[in-house]
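Below is one structure, written out as structure tokens; the observations come after it.
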Number of protein chains: 2
Amino acid sequence: MQAKEPRAQFHRAPADERRLALIDACAATLARKGVHGTSVREICAAAGVSPGLLRHYFSGIDELVADTYAAVGAQVQAALNDAVEAADPTPEARLIAYLTASFAPPIADADLLSTWLAFWSLTRTDAKIARLHDEIYAENRITLERLLDAHAPGSDHRLTAIALTALVDGLWLELSLGNAPFTPDEATALAARWLAALLPRI
Amino acid sequence: MQAKEPRAQFHRAPADERRLALIDACAATLARKGVHGTSVREICAAAGVSPGLLRHYFSGIDELVADTYAAVGAQVQAALNDAVEAADPTPEARLIAYLTASFAPPIADADLLSTWLAFWSLTRTDAKIARLHDEIYAENRITLERLLDAHAPGSDHRLTAIALTALVDGLWLELSLGNAPFTPDEATALAARWLAALLPRI
DNA sequence: TCTCTTGTTATACAACCGTATAACAGGAAA
DNA sequence: TTTCCTGTTATACGGTTGTATAACAAGAGA
């Protein structure tokens, strides 16, 4: 004879507060438990919510993960933009601010990397995630090209932006993975030195 | 009434042929199905072997994954070394060979990337994998420092090796992820141009 | 040819997975 | 105060997970 579980108290969240809470919980779980340890139950527990609720806001766990990618991508983009806007208005200072922000919290962060790795690894198997990846990276490249163009107007910065993105990504990856053989300051200096070599006027 | 399954034919593999087959199957499954789709049964099916056999050769799936990381890491290192040794014996040619090989098969390969992403994402949660990562990257950095030192003896190439590793990693990542906005040749040219700017004699 | 070791199999197990469903209750609207 | 909609819960379901186990058979050694 099984005693029936008394129904837990709850309150009805306004607007899409619950939806955002689930997205946050998804990112946090991806970060702390990895793809392998991320499940509907785990996410909902992190959000303090019953497992069934996920499907009230999302068509399934795949859609939640995709929406989480979009949200986290936007957060990263916003953090970088903020750093650039807070810098001195010279092209040089804005570029350096972009680089510095890339190697400092909240961008260089072990949790963010773990979440990001999960997205990367889904790119191969999930078409929606792949499309999101292309959009996010294209936007990032355009931002960078604009910053470069402000410094040296007229010339084509496509390849420069590509290389700088790759360099920053690689340094960011090692830094966030932990145990990196260099400091955030060295990473910034490295990227700046690279810029100076390629764009003589910096 | 369930008919008993007749026992399948098999042959006893010599030495650790089975062990290597399981490692190959693990890498292939990680590549094709991602972390999420990789399970004991999936790996063993790929190896053409019964599920129970995995635990005869490994203490569990975690140990198999770790051993697979070590094996794949060694393969990558060997492919890069081969490319360098096959090049003209000048320091410049050897460096360029290293770069070119990084952006061509079998190194720049979607399957290899998927496998590698799985390893990266396990670095946070699995201490054994984290240690392996440090070893593999340290060895790679030393290889690169030696190549740089052959070109410009005496000076300290620590930071140069770090930056070149990051640049190559970033370009390799985008290239292997698919839909990259640049070609392998452009990636090689980019890295070479970077080297030329920083090491004047190339 | 026989024996014995052990690589290999089929199957069992409890725990977990993502999703489905019906009962419930919060709280705005009337 | 009552009604009613729906956000939220507990629970159920079939399928899959990693591991455990006992039966079996391959093939070397005697």
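Below, read A as the first sequence line, B as the second, and so on, with proteins coming before strands; counting in each chain starts at 1.
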Report summary line: Taken in chain and number order and not counting sequence neighbours, the residues that satisfy salt bridge (charged side-chain N to carboxylate O under 4.0 Å, His left out) with B/Asp67 are B/Arg19

Report task. Calculate the interatomic distance between B/His36 atom NE2 and D/dG15 atom C1'; express it in whole Å. Result -> 13 Å

Report summary line: Rounded to whole Å, the CZ-P distance (A/Phe58 to D/dT8) equals 12 Å

Report summary line: For A/Phe58, the ring pair (Phe, Tyr, Trp, His ring centres under 6.0 Å) test, sequence neighbours excluded, returns none

Query raised in the report: Under the salt bridge (charged side-chain N to carboxylate O under 4.0 Å, His left out) test, which residues partner A/Asp111, sequence neighbours left out?
Result: B/Arg124

Requested in this report: Using whole Å, report how far CG of A/Leu22 lies from P of C/dG18.
Outcome: 14 Å

**Report entry** For A/Ser102, side chain to side chain contact (heavy atoms under 4.5 Å, CB included) partners two or more places apart
**Finding:** A/Leu80, A/Tyr98, A/Val168

Requested in this report: Using heavy atoms and a sub-4.0 Å distance, could you list which residues of residues 23-35 of chain B are near DNA chain C? By number, please.
Outcome: none

Query - Residue pairs, two or more places apart or on separate chains, that pass side-chain hydrogen bond (donor to acceptor under 3.5 Å, both in side chains) and touch residues 30-45 of chain A - result: A/Lys33-A/Glu42

Requested in this report: Using only side-chain N and O atoms of A/Arg18, determine if any of them is under 4.0 Å from OP1 or OP2 of D/dG7.
Outcome: no

Report summary line: Rounded to whole Å, the CG-C1' distance (A/Asp62 to C/dT19) equals 12 Å

Requested in this report: Just grab all the ring pair (Phe, Tyr, Trp, His ring centres under 6.0 Å) pairs involving residues 68-89 of chain A, residues at least two apart or on different chains.
Outcome: A/Tyr69-A/Trp116, A/Tyr69-A/Phe119

Query raised in the report: Does B/Tyr57 make a side-chain N or O approach to OP1 or OP2 of C/dG7 shorter than 4.0 Å?
Result: no

Query - Those residues that, when tested against A/Arg158, pass side-chain hydrogen bond (donor to acceptor under 3.5 Å, both in side chains) (two or more places apart) - result: B/Glu186

Query raised in the report: Heavy-atom count around B/Arg141 CZ within 6.0 Å, excluding the residue itself: above 12?
Result: yes

Report summary line: Expected list for residues 37-56 of chain A near DNA chain D, using heavy atoms below 4.0 Å, is A/Arg41, A/Val49, A/Ser50, A/Gly52, A/Leu53, A/His56

